[in-house]
Amino acid sequence: MRMSKLVGRKIKEDPKDAVTTSHKFLIRGGYIRPVSAGIHSLLPLGKRIVRKIEAIIREEMDAVEGQEVLMPVVLPAELWVESGRLESIGSELLRFKDRNDKNMLLAMTHEEAVCHLVRTEVNSYKQLPLMVYQIQTKYRDEARPRAGMIRAREFTMKDAYSFHADQECLDTYYDRVLQAYERIFQRVGLKNCVTIESDPGMMGGDTSHEFMALADCGEDVVFISPDGSYKANREVAVAKCEFKKEESLPLEKVATPGMKTIGEVAEFLNLKPENTGKAVFFQEASGDLIFAMIRGDLEVNEAKLRKIIASAELVHASDEAILASGAVPGYASPLSLDPAKIKIVVDRSVAECSNLVVGANESGCHYKNFNFDRDLSDAQVADIAMVREGDPCPLTGEPLKMRRGIEVGNIFKLGTKYSAPMNCSFLDQNGKSRNMIMGCYGIGVGRTMASVLEQSHDKWGPIWPISIAPYHVHLCSLNPKKEGVAAAADKIYADLLEKGVEVLYDDRGEKAGFMFNDADLTGIPYRLTVSPKTLSSSQIELKTRGAEGSSVIDLDAAATIVANTVFDTLKKKS
RNA sequence: CGGGAUGUAGCGCAGUCUGGUUAGCGCGUUUGACUGGGGGUCAAAAGGUCGGAGGUUCGAAUCCUCUCAUCCCGACCA
């Protein structure tokens, strides 16, 4: 490609709306252009990267017997009524009516569509297991799109769905996909991508994993042990915290007028927050109240709590609801609650610590010296604590490190969450109808491109791994008007193309510094420079993006040397 | 959805507080000349609903009201 004709100019200054490195460089380098909040056009360079990422994904999906399909972006709402998600999903699902007043929606994921597809095509155990996948546009009406491609409203996703006759088959297949995912992220050149167990959340199912590209701009928090043996996201992370028991002191009511928060109470009684117990009220969708108790310095992890009480929906309870249960907000006590009205879940930190200050369920009063064993045996004890940086690793006991990550992929064991309501079933060996067991597997394609850039750049621009670089070679022709420079550059351009090397040819005749800066901002792995300086000795310059220095090679052998270098590197990296 | 910020040429900005002719600057673009290894120099040129609507005023980019858009923090997040 001749750069003089390439669509997508380089931009010298940082766009004012871009904050993250990938967002800035993708715009400045001419990879993407914003169109609306969270909606972008891909320019030719960006499209080439995306195609290469997609090609790697296709190879790996095909290698686990995936069959590529393409399902519609626009779906009739009735399919989502079947699964129940039309109701359960909020306004991030974009709904609209067509000209016949029929309810439609823009798919944000395709479980419904794939169940519709598979239930009409597959009806025998002999056809299972199977996996179909697609690389398709998704739309989520995000409340707050951000960071360019990292959290967009419209984005490209590879989503795959597997169907099995039994759980064991899913379990085996799931592990194969997990390994395929790790190969994909390694092949696209993510240097720092970790596989972590995650909380299936509203997707349902029992097991899920996330693939996190570690980057400071990531939205998700990952806890990692120093030796890397333990990795988990914030929702599921556990810590091996040790708590000290002391001799129990007698329960004592103390006046704490106007002291409602943990900080206020601790300061008033001249204690640390660790010496208090905090009450947090939650409400289930059914309206039932949950009283969660945790040591004052810790926070309740709602995902863990949800799992323990087996409730998909959990919100902070209103003061009215708390009052109605007979508890006094701000002074709520575990001691005088009616277990029939309210379920009590106590964190290990409270159960295993001694002499805590807790509410007295009376305005302006607290109890000192609460001891769980003695004072409240009738409650469920569980780990519902949010892990903090530095907490001991559950495996090694070493202090956990907290890192930020971009979720580039996730995989779920869905079970029959969708197949059951949508009647996606098959006849087994005994002629009995059973629901298919499903798994689903997603990868954010644009997000992957941005993540690679987040992890691989310098102050001048991206340093693309050759596996996804838009071109292999960036050819600069300096002073093309002089001494046969243009002719030499044209020739090596043609020779490289002949050998199958992808070349971006800067034939614009700009000043050297201008072109070099554009080359750095483009980030192609190899830069070839043709100029009078080296041409006088029948040589040209070869430089590797991101590396110091450069070398000169003989003009006659250049195309062969460069082509071999490119193809050797490509082979090694895949 | 709550809090904050910003909308002026393709991009980045000044001007707004304190209203006053033809609204500026840098980069980019076009033309010509010189220059030629890390964003060069000179000359000329094109390019503007000052986000939008309403209002105040003799007069509004500037003051007031409403509105839209974009970004940031938070909530939310298959």
Side-chain angles (χ1 to χ4, degrees), chain A residues 8-20 23-24 27-28 30 33-39 80 83-86 88-94 105-114 138-148 150-153 155 157 159 161 198-205 208 210 217 219-220 235 302-303 312-316 407 409-412 414 417-418 440-442 444 459-461 476-483 485 506 508-521 527 529-536 540-541 543 550 552:
Chain A
R9 67 166 85 244
K10 307 292 178 204
I11 293 169
K12 193 186 280 190
E13 286 160 295
D14 282 341
K16 69 173 171 181
D17 288 340
V19 174
T20 57
H23 195 189
K24 286 178 186 169
I27 291 172
R28 286 188 49 202
R33 287 291 177 259
V35 174
S36 180
I39 299 179
W80 286 54
S83 70
R85 287 210 293 184
L86 192 69
S88 66
I89 291 182
S91 46
E92 64 268 27
L93 177 65
L94 187 61
L105 54 85
L106 287 187
M108 51 201 296
T109 173
H110 279 80
E111 281 76 15
E112 286 81 0
V114 80
K138 299 276 188 282
Y139 187 88
R140 290 182 197 170
D141 214 4
E142 291 284 353
R144 185 151 99 81
R146 52 191 297 250
I150 291 174
R151 189 170 202 80
R153 289 195 291 171
F155 57 99
M157 186 178 195
D159 49 326
Y161 307 88
S198 63
D199 179 51
M202 282 182 71
M203 278 302 281
S208 67
E210 289 173 349
C217 70
E219 300 178 285
D220 298 294
E235 282 71 40
E302 287 182 41
E313 280 184 61
L314 209 57
V315 293
H316 280 275
E407 184 185 342
N410 51 25
I411 57 179
F412 298 86
L414 292 176
K417 179 173 163 89
Y418 296 91
C440 79
Y441 318 90
K459 62 187 279 206
W460 306 107
C476 291
S477 158
L478 260 51
N479 303 339
K481 285 181 197 156
K482 286 215 173 141
E483 304 163 40
V485 170
D506 192 343
R508 297 173 300 172
E510 297 288 348
K511 296 277 287 190
F514 190 93
M515 298 211 289
F516 290 159
N517 276 297
D518 275 3
D520 289 344
L521 185 54
R527 189 184 82 196
T529 307
V530 180
S531 76
K533 194 167 106 181
T534 56
L535 216 50
S536 60
I540 64 173
E541 178 188 324
K543 185 177 190 308
S550 63
V552 288

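Only a predicted model underlies this, so the values are computations on that prediction, with no experimental measurement involved. For the numbers below, each heavy atom of this structure counts, side chains included, while hydrogens, waters and symmetry mates do not.
Going from the C1' atom of B:A60 to that of B:G51 covers 16 Å, rounded to whole Å. B:U30 and B:G74 are spaced 43 Å apart, taking the P atom of each and rounding to whole Å. B:G59 and B:U21: their P atoms are spaced 15 Å apart (whole Å). Comparing the P positions of B:G20 and B:U67 gives an interatomic distance of 28 Å, to the nearest angstrom. B:A33 and B:A69 are spaced 49 Å apart, taking the P atom of each and rounding to whole Å. Look at the P atom in both B:U62 and B:G15: the space between them is 15 Å, to the nearest Å. Distance noted for atom P between B:U56 and B:G7: 26 Å (whole Å). Comparing B:C63 with B:U57, their C1' atoms sit 10 Å apart, to the nearest whole Å.
Shown here, B:A5 forms a base pair with B:U70; the pair counts as Watson-Crick or G-U wobble because both key distances fall under 3.5 Å. Of all nucleotides present, only B:U65 satisfies the Watson-Crick or G-U wobble test against B:A53, with each distance under 3.5 Å. Taking a pair to require two hydrogen-bonding distances under 3.5 Å in either a Watson-Crick or a G-U wobble arrangement, B:G20 pairs with B:C58. Searching all strands for a Watson-Crick or G-U wobble partner of B:U29 with both distances below 3.5 Å returns B:A45.
Residues passing the salt bridge (Lys or Arg N to Asp or Glu O under 4.0 Å) test with A:Arg146 are A:Glu219, sequence neighbours excluded. Under the rule for a side-chain hydrogen bond (donor to acceptor under 3.5 Å, both in side chains), the partners of A:Asp141 that lie at least two apart in sequence or sit in another chain are A:Tyr139, A:Arg153. Listed by chain and residue number, nothing satisfies the salt bridge (Lys or Arg N to Asp or Glu O under 4.0 Å) test with A:Glu510 (two or more places apart in sequence, or in another chain). By the side-chain hydrogen bond (donor to acceptor under 3.5 Å, both in side chains) test, A:His23 pairs with no residue at all, sequence neighbours left out. The salt bridge (Lys or Arg N to Asp or Glu O under 4.0 Å) check on A:Glu13 picks up nothing, with sequence neighbours excluded. A:Glu407 pairs by the side-chain hydrogen bond (donor to acceptor under 3.5 Å, both in side chains) definition with A:Asn410, not counting sequence neighbours. When the side-chain hydrogen bond (donor to acceptor under 3.5 Å, both in side chains) test is applied to A:Arg28, the partners found at least two apart in sequence or on another chain are A:Asp14.
Here the side chains of A:Met157 and A:Arg140 are in contact, with some heavy-atom distance below 4.5 Å.
Residue-level contact check: A:Arg33 touches neither bases nor backbone, having no heavy atom under 4.0 Å from any strand. Across all strands, A:Glu510 comes closer than 4.0 Å to base atoms (heavy-atom distances). Looking at heavy-atom distances under 4.0 Å, A:Asp159 makes no contact with the nucleic acid at all. If you check every strand for non-hydrogen atoms under 4.0 Å, A:Gly90 touches nothing.
Across the protein-nucleic acid pair, A:Glu219 atom CD and B:G74 atom C1' stand 13 Å apart, rounded to whole Å. Rounded to a whole Å, the CD1 atom of A:Ile27 is 9 Å from the P atom of B:G12. One interatomic measurement links the two molecules: CZ of A:Arg9 to P of B:C27, which rounds to 15 Å at whole-angstrom precision. If you take CG of A:Leu478 and P of B:G37, they are 7 Å apart, rounded to a whole angstrom. One interatomic measurement links the two molecules: NZ of A:Lys481 to P of B:G32, which rounds to 10 Å at whole-angstrom precision.
Nearer to the 5' terminus of RNA chain B, by closest-nucleotide assignment, is the contact made by A:Phe516 (compared with the other of A:Phe516 and A:Glu92). Heavy-atom nearest nucleotides on RNA chain B were determined for A:Asp220 and for A:Ser531, and the one closer to the 5' end corresponds to A:Ser531.
When distances are taken from the side chain of A:Asp520 to each of B:G12, B:A75, B:G38, the shortest belongs to B:G38.
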Between the protein and nucleotides 39-45 of chain B, list every N/O to N/O distance that falls short of 3.5 Å.
residue: B:G39; atom: N1; partner: A:Asp518; partner atom: OD1; Å: 3.2
residue: B:G39; atom: N2; partner: A:Asp518; partner atom: OD1; Å: 2.8

Polar atom pairs (N or O), protein with nucleotides 67-72 of chain B, under 3.5 Å:
residue: B:U70; atom: OP1; partner: A:Ser36; partner atom: OG; Å: 3.1
residue: B:U70; atom: OP1; partner: A:Ala37; partner atom: N; Å: 3.0
residue: B:U70; atom: O2'; partner: A:Asp17; partner atom: OD1; Å: 3.4
residue: B:U70; atom: O2'; partner: A:Asp17; partner atom: OD2; Å: 2.4

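No option in A:Glu142, A:Lys138, A:Glu92 other than A:Glu92 meets the side chain to side chain contact (heavy atoms under 4.5 Å, CB included) test with A:Met108.
More than 12 heavy atoms of other residues, nucleotides or ligands sit less than 6.0 Å from atom CZ of A:Arg33.
Heavy-atom minimum distance, A:Ala18 versus A:Lys24: O-CE, 3.5 Å.
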